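Report on one structure; see the data block that follows.
Predicted, not measured: the structure shown is a model, and the values here were computed from it. Numbers restart at 1 for each chain; the letters A, B, ... are given by sequence-line order, proteins then strands.
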2 protein chains.
Amino acid sequence: MADIARLAGVSVSTVSRALSGSKLVNAETRQRVAELARSLNYSINLGAQNLRLQKNRTVAVVVPFEAASRQHISDPFFLALVGSIADALTDQGYDMLLSRVDAEHLDLAAQFYDSGKAIGVIMVGQWRHHDQLNALAARQLPLVVWGGAMPQQLYCTVGGDNTDGGLQATRHLLQLGRRRIAFLGDAALPEVWLRREGYQQALREAGLQADPALELALPFEPGGARTALERWLPQAPAFDAVVACSDLLALQAIHTLRAAGRRVPEDVAVVGYDDMPLAAYCDPPLSTVHQPVAEAGAELVATLMAQLRGERSPSRTLGVSLIVRRSAA
Amino acid sequence: MADIARLAGVSVSTVSRALSGSKLVNAETRQRVAELARSLNYSINLGAQNLRLQKNRTVAVVVPFEAASRQHISDPFFLALVGSIADALTDQGYDMLLSRVDAEHLDLAAQFYDSGKAIGVIMVGQWRHHDQLNALAARQLPLVVWGGAMPQQLYCTVGGDNTDGGLQATRHLLQLGRRRIAFLGDAALPEVWLRREGYQQALREAGLQADPALELALPFEPGGARTALERWLPQAPAFDAVVACSDLLALQAIHTLRAAGRRVPEDVAVVGYDDMPLAAYCDPPLSTVHQPVAEAGAELVATLMAQLRGERSPSRTLGVSLIVRRSAA
DNA sequence: CTGAAAGCGCTAACAA
DNA sequence: TTGTTAGCGCTTTCAG
């Protein structure tokens with residue numbers, strides 16, 4: 001900026017004003033400065049500008065990862081969600097700082113806010129650390145979490161209606177006449193816990209009782225799930241249907257079942273979760289609970305913005321819908 | 001920092017030194033300052049620090065989007081690539097600024113560098129604007145692009161070996177005895193162009209000639225592809241195999257073919273591209289060219305770092321491999 | 001309409 | 001071992 005000032009024969013203050021389009025500066029001078037800036041390929045140093053203006057338009061988006069399993073970002077649903085958040089932030093003129101933090105130390109996410117890197121945090125998933133998220137919210141950190149709304153939580157969530165998702169999936173299987181329905185997913189995660197609530201409620205409605213032996217706490221990662229399934233299947237009680245907590249899990253279950261000589265959907269009907277773009281093209285086409293990804297990003301961002309404006313923003317639950325395809329038809 | 005200084009009864013410089021672990025400051029004082037900082041939940045303002053130190057550890061990752069079609073980030077392969085880049089950057093202690101820019105104005109990506117927001121740019125895909133990327137590189141912008149290495153390009157790319165991918169896929173189909181092989185993908189994109197080179201080379205090796213009528217320039221977006229396919233199929237010449245430039249395209253082709261009464265793989269064998277996690281579970285399981293996603297992120301980041309160290313970094317091509325599954329077996 | 005000067009939060013000579 | 005001072009690149013009173 002000093003260079004431009006010198007070349008234009010004016011002071012830096014004038015350049016600053018010219019560049020910000022202030023009416024205080026002579027139109028002709030403004031023109032000259034603008035041209036000079038363009039020809040020098042100059043653009044304002046935003047770090048300095050932010051420092052001076054005490055402003056910032058960067059939002060941190062945090063994707064937890066399991067350090068133990070050296071699990072990287074790979075879940076297609078979360079990835080799609082990140083894409084959708086990027087779209088929403090871009091639309092609103094915000095920058096997105098994407099980073100991973102150890103799922104055991106979600107509290108590290110506060111760093112982005114404390115250090116002034118970001119004005120708020122969007123956390124993609126709760127994992128097992130409901131408590132740490134509560135602690136973060138208590139610190140007044142502008143925070144929105146994608147996940148399930150648990151009773152008495154202090155932080156703000158946006159998420160699909162997990163209970164309803166579990167309910168719809170299970171009711172559908174019951175309507176097909178299935179009575180022994182397995183549940184695949186780790187209930188230590190709030191989202192899965194809520195889906196299981198729905199699953200159990202549907203069973204109760206039908207006068208049935210959930211059999212704990214039909215429940216398998218599968219990790220979301222592809223690798224671990226497969227071996228766990230293969231070990232579980234031979235010693236599991238008989239079942240004629242499966243509710244899986246992701247499409248990937250559902251497909252692996254189908255694969256394992258077939259390897260064991262069971263037909264899908266004839267012997268075992270399967271419902272997945274997420275409705276990934278490929279679910280319709282699977283073998284067999286997958287019945288699954290559709291989550292509104294595009295809406296999710298927009299809603300997460302809108303909720304964070306409301307919080308930044310000082311509004312009390314309650315948690316939001318987005319509608320989900322069961323898509324029936326051949327795997328459970 | 002001033003607050004801490006006051007409370008600790010020392011000067012800001014001392015606090016600054018204490019916090020940065022300088023040996024120049026009394027161990028006892030350092031201790032006191034550290035505790036104070038922790039209790040106040042203080043952390044350094046990185047914007048100010050960067051300004052003062054003239055440093056920056058943020059890399060911009062840019063995902064172009066087609067403004068015309070209001071197409072958002074959704075391609076699963078690019079999304080996975082973004083995840084892999086995030087992993088690699090985190091491992092190296094860098095922050096990642098994720099953003100979309102209009103594919104018609106890739107030159108806007110320079111903003112991130114010029115404004116000091118980022119020290120360099122990783123561009124995910126070239127789209128149609130080879131020329132704009134050349135212009136960017138000419139500006140001395142630290143830049144690495146995921147995509148195909150075109151002759152005489154000025155910018156640095158990292159990408160899968162597209163020619164070899166096209167070659168392997170087509171050779172395999174020829175070995176199966178297929179002779180009329182369709183090619184699905186928009187050759188205006190360098191990656192697709194190179195894949196088509198491989199496709200044509202394989203045909204030549206077999207003494208065949210590529211039939212332009214068997215080539216369909218499909219956009220990558222799901223929506224557009226489907227209708228274009230449905231329109232093309234009835235008037236296309238007879239063919240017994242398909243090379244598609246993404247798994248999603250391959251699956252849509254299979255779907256359309258079946259709707260038209262053609263069997264896959266019996267009547268038409270199909271090979272996709274990318275090897276997405278679900279490709280193995282599709283109907284039928286998809287033969288496809290596997291791209292090394294995890295390696296890709298690490299390589300993009302390593303190449304950018306080399307560039308920042310002032311080294312001349314040549315474009316890198318990563319090996320790909322054909323995975324044979326039922327859709328072409 | 002324009003310039004001089006102060007200051008955003010931090011670090012690093014230079015002195016003491 | 002610590003404090004004083006200047007300055008990173010920018011904006012904005014306050015005077016002219």
- request: Can you run down the salt bridge (charged side-chain N to carboxylate O under 4.0 Å, His left out) pairs that involve residues 25-42 of chain A, sequence neighbours left out, and say none if there aren't any?
  value: none
query: Can you check whether A/Ser16 reaches A/Met1 side chain to side chain, under 4.5 Å on heavy atoms?
result: yes
- request: Please find the earliest and latest nucleotides of DNA chain D, in the 5' to 3' direction, that have an atom within less than 4.0 Å of any heavy atom of chain B.
  value: D/dT1 to D/dG9
- request: With DNA chain D as reference, determine whether A/Ala48 or B/Ser11 sits nearer its 5' end, using the nearest nucleotide of each.
  value: B/Ser11
message: Given 3.5 Å as the limit, does a donor-acceptor pair link the side chain of B/Gln126 with the main chain of B/Gly148, or not?
response: yes
- prompt: Stepwise, does the side chain to side chain contact (heavy atoms under 4.5 Å, CB included) test hold for A/Asn134 with A/Gln153?
  reply: CA-CA 6 Å; A/Asn134 270 331; A/Gln153 80 192 4; 4.0 Å; yes
message: Just to be sure I understand the geometry, which residues of residues 29-39 of chain A put a non-hydrogen atom under 4.0 Å away from DNA chain D?
response: none
- prompt: Counting N and O atoms only, with roles assigned by atom type, does the side chain of B/Asn162 sit under 3.5 Å from a partner on the main chain of B/Leu194, one being a donor and the other an acceptor?
  reply: no
message: Enumerate the salt bridge (charged side-chain N to carboxylate O under 4.0 Å, His left out) contacts for residues 294-310 of chain A, please, sequence neighbours excluded, ordered by first and then second residue.
response: A/Glu299-A/Arg316, A/Arg309-A/Glu311
statement: Rounded to whole Å, CG of B/Asp3 lies from P of C/dG9 at a distance of 10 Å
task: Verify the contact: side-chain N or O of A/Gln54 to OP1 or OP2 of C/dG9, cut-off strictly under 4.0 Å; return yes or no.
output: yes
query: Looking at CD1 of A/Ile122 and CG of A/Leu304, how far apart are the two atoms once the value is rounded to the nearest 0.5 Å?
result: 5.0 Å
- prompt: Taking only residues two or more places apart in sequence, or in another chain, which ones meet A/Asp107 in a salt bridge (charged side-chain N to carboxylate O under 4.0 Å, His left out)?
  reply: none
Please tabulate, for the side chains in residues 110-121 of chain A, all donor-acceptor contacts under 3.5 angstrom to protein atoms that are two or more places apart in sequence or on a different chain.
from: A/Asp114; atom 1: OD2; to: A/Arg139; atom 2: NH1; distance (Å): 3.2
from: A/Ser115; atom 1: OG; to: A/Gln111; atom 2: O; distance (Å): 2.8
from: A/Lys117; atom 1: NZ; to: B/Asp95; atom 2: OD2; distance (Å): 2.7

- line: Sequence neighbours excluded, the answer for salt bridge (charged side-chain N to carboxylate O under 4.0 Å, His left out) partners of B/Asp131 is none
- line: So the salt bridge (charged side-chain N to carboxylate O under 4.0 Å, His left out) pairs with at least one residue in residues 3-19 of chain B (sequence neighbours excluded) are B/Asp3-B/Arg6
Inter-axis angle, terminal five-pair segments of the helix from C/dC1-D/dG16 to C/dA16-D/dT1 [nearest 10°]: 40°
field: Pairs touching residues 43-62 of chain A that satisfy side chain to side chain donor-acceptor pair (under 3.5 Å), sequence neighbours left out
entry: A/Asn56-A/Thr58
statement: Between CZ of B/Arg6 and P of C/dG9 the distance, given in whole Å, is 12 Å
- prompt: With sequence neighbours left out, what residues match B/His130 under ring pair (Phe, Tyr, Trp, His ring centres under 6.0 Å)?
  reply: B/Tyr155
query: Base, backbone or nothing for each nucleotide of nucleotides 11-16 of chain C, written B, S, -, heavy atoms under 4.0 angstrom, 5' to 3'?
result: BBB---
